[in-house]
2 protein chains.
Amino acid sequence: MNADITARLANLGTWQLSQASARSHKVLHARLARAGANGYEYRILAVLGDLGAVSQADLGRAAVLDRRDVTHTVRNLQARALVTRRSDPGDRRQTLVELTAAGASTLERLDAVLAEVQTEVFAALSADQRRTLLNLLQQLS
Amino acid sequence: MNADITARLANLGTWQLSQASARSHKVLHARLARAGANGYEYRILAVLGDLGAVSQADLGRAAVLDRRDVTHTVRNLQARALVTRRSDPGDRRQTLVELTAAGASTLERLDAVLAEVQTEVFAALSADQRRTLLNLLQQLS
DNA sequence: AGCTAGCGTTGGTGCCACCAACAATATCGG
DNA sequence: CCGATATTGTTGGTGGCACCAACGCTAGCT
């Protein structure tokens, strides 16, 4: 599989990191797509699941999404009746976003997808190795 | 920095892997852009540096690039006089691509950029930790 | 000879991360 | 209180990356 890759690339740590991530993303993206969602959508639903009603700005911070992507994605989720939006009476600049019941059940479904993806992506590692890997990745930041 | 991220995301191994990769990519992309190149271009130049004259198909295999992206990118590199293209007399389906002298010196420059990026991206880890990380990432494939 | 595979071209797509400019609202400091 | 600055959300993008359909030409296999 890796036999043909040129050594100049294969020897780069950043290449190995990006290839591992690309493989992971491929699995995740295919599974999310099959479930009718993309990465931004899951991220937003996940934040709303954790935090309840939250402003778009806080949503973007918690999901690490640019506010323009929050606007685009929330608009799309609202069109699919997965979230609602209302002006925040306490701060008229803000719009509060909240899961609908349909949104909450979609999130549950997607959470299960994400859990399967973790199992699949990290299948080749022991629990110990996986912990080591994730600790090292965190240490990179 | 990570204080605001929602736990549902932060606890996913795939999230941690993609965030680490995104940070790495951000550094790499900024440095390549400053040097006048992008990821696909560096990959192709790197393969040509390793292998010499090579068909586009082999180029794509060695750089892990779709053949259409090979065509697009090689065309662009040729327009910038960094590579040449000629029909392969031994197989008339194939086009051989080769670095020009300008291409070779651009590759040298970019190799130095890539080396600096490795240093920067993995700065937070000891040599031992880095080796462990890269071994684990490889084991994922 | 006929069928299949490989090659390169042309021209895309969606996802992701990133951004300029604007109007409305809130906060801060004098 | 007022002016300056910051925040918020919208509108509408961009480039990089990974991925792909369809075609004509060439090569390999039976």
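Below, chain A is the first sequence line, B the second, and so on; all start at residue 1. Fair warning: this is a prediction, and the values are worked out from it, not measured in the lab.
- As rounded to whole Å, 12 Å separates atom P of C:dT9 from atom CD of B:Gln94.
- Counting non-hydrogen atoms of other residues, nucleotides and ligands closer than 6.0 Å to CZ of B:Arg92 gives a total of 12 or fewer.
- Here the C1' atom of nucleotide C:dC18 and the CZ atom of B:Arg23 are 17 Å apart, to the nearest Å.
- Checked by distance alone, B:Arg67 brings a side-chain donor or acceptor within 3.5 Å of a matching partner on the base of C:dG8.
- Nearest to the side chain of A:Arg92, among C:dA20, C:dA26, C:dG6, sits C:dA26.
- The residue among A:Asp69 and A:Asp88 whose nearest nucleotide of DNA chain C lies closer to the 5′ end is A:Asp69.
- In this model, a donor atom of one side chain and an acceptor atom of the other lie less than 3.5 Å apart for B:Gln118 and A:Thr14.
- Atom C1' of nucleotide C:dG8 and atom CZ of B:Arg93 are separated by 11 Å, given to the nearest angstrom.
- The only member of B:Thr106, B:Val113, B:Leu107 that meets side-chain contact (heavy atoms from CB on, under 4.5 Å) when paired with B:Arg109 is B:Thr106.
- Each end of the helix from C:dA1-D:dT30 to C:dG30-D:dC1 gets its own axis, taken as the rotation carrying the C1' atoms of four end pairs onto the next four within a five-pair window, and the two axes meet at 30° to the nearest 10 degrees.
- Heavy atoms of other residues, nucleotides or ligands lying less than 6.0 angstrom from CD of A:Glu108 number 12 at most.
- Along DNA chain C, the nucleotide nearest to A:His72 and the one nearest to B:His72 differ in position, and the one closer to the 5' end is contacted by B:His72.
- Look at A:Tyr40 and you'll find a side-chain N or O under 4.0 angstrom from OP1 or OP2 of C:dA17.
- Residue whose closest nucleotide on DNA chain D sits further toward the 5' end, between A:Ser55 and A:Lys26: A:Ser55.
- Residue contacts for A:Thr71: at a heavy-atom cut-off of 4.0 Å it reaches a base atom on one of the strands shown.
- Atom CG in A:Asp91 sits about 11 Å away from atom C1' in C:dA24, given to the nearest Å.
- Between A:Arg43 and C:dC16 there is no side-chain polar atom (N or O) within less than 4.0 angstrom of OP1 or OP2.
- We find that A:Glu98 and A:Arg85 are not joined by a salt bridge, their nearest charged nitrogen and carboxylate oxygen being 4.0 Å or further apart.
- The side chain of A:Asn38 places an N or O atom within less than 4.0 Å of a non-bridging phosphate oxygen (OP1 or OP2) of C:dC16.
- For DNA chain D, the outermost nucleotides in 5' to 3' order that have an atom under 4.0 Å from a heavy atom of chain B are D:dG16 to D:dA27.
- Applying the 3.5 Å distance criterion, the base of C:dA20 shares a donor-acceptor pair with the side chain of A:Arg68.
- Looking at every heavy atom in both residues, B:Ser55 comes nearest to B:Leu96 through N-CD2, 3.7 Å.
- With B:Arg61 as the partner, the side-chain contact (heavy atoms from CB on, under 4.5 Å) test is satisfied by one option alone out of B:Leu65, B:Asp58, B:Val64: B:Asp58.
- Side-chain contact annotation: B:Arg80 with B:Asn76, donor-acceptor N/O pair under 3.5 Å present.
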* Evaluation steps, side-chain hydrogen bond (donor to acceptor under 3.5 Å, both in side chains), between A:Asp111 and A:Tyr42 -> CA-CA 9 Å; A:Asp111 278 338; A:Tyr42 175 71; 2.7 Å; yes
* Go through B:Thr84 and B:Gln78 one step at a time and tell me if the side-chain hydrogen bond (donor to acceptor under 3.5 Å, both in side chains) criterion holds. => CA-CA 6 Å; B:Thr84 58; B:Gln78 188 180 13; over 6 Å; no
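- Atoms CD (B:Gln19) and C1' (C:dA17) sit 11 Å apart, rounded to a whole Å.
- B:Asp66 comes within 4.0 angstrom of a base, heavy atoms only.
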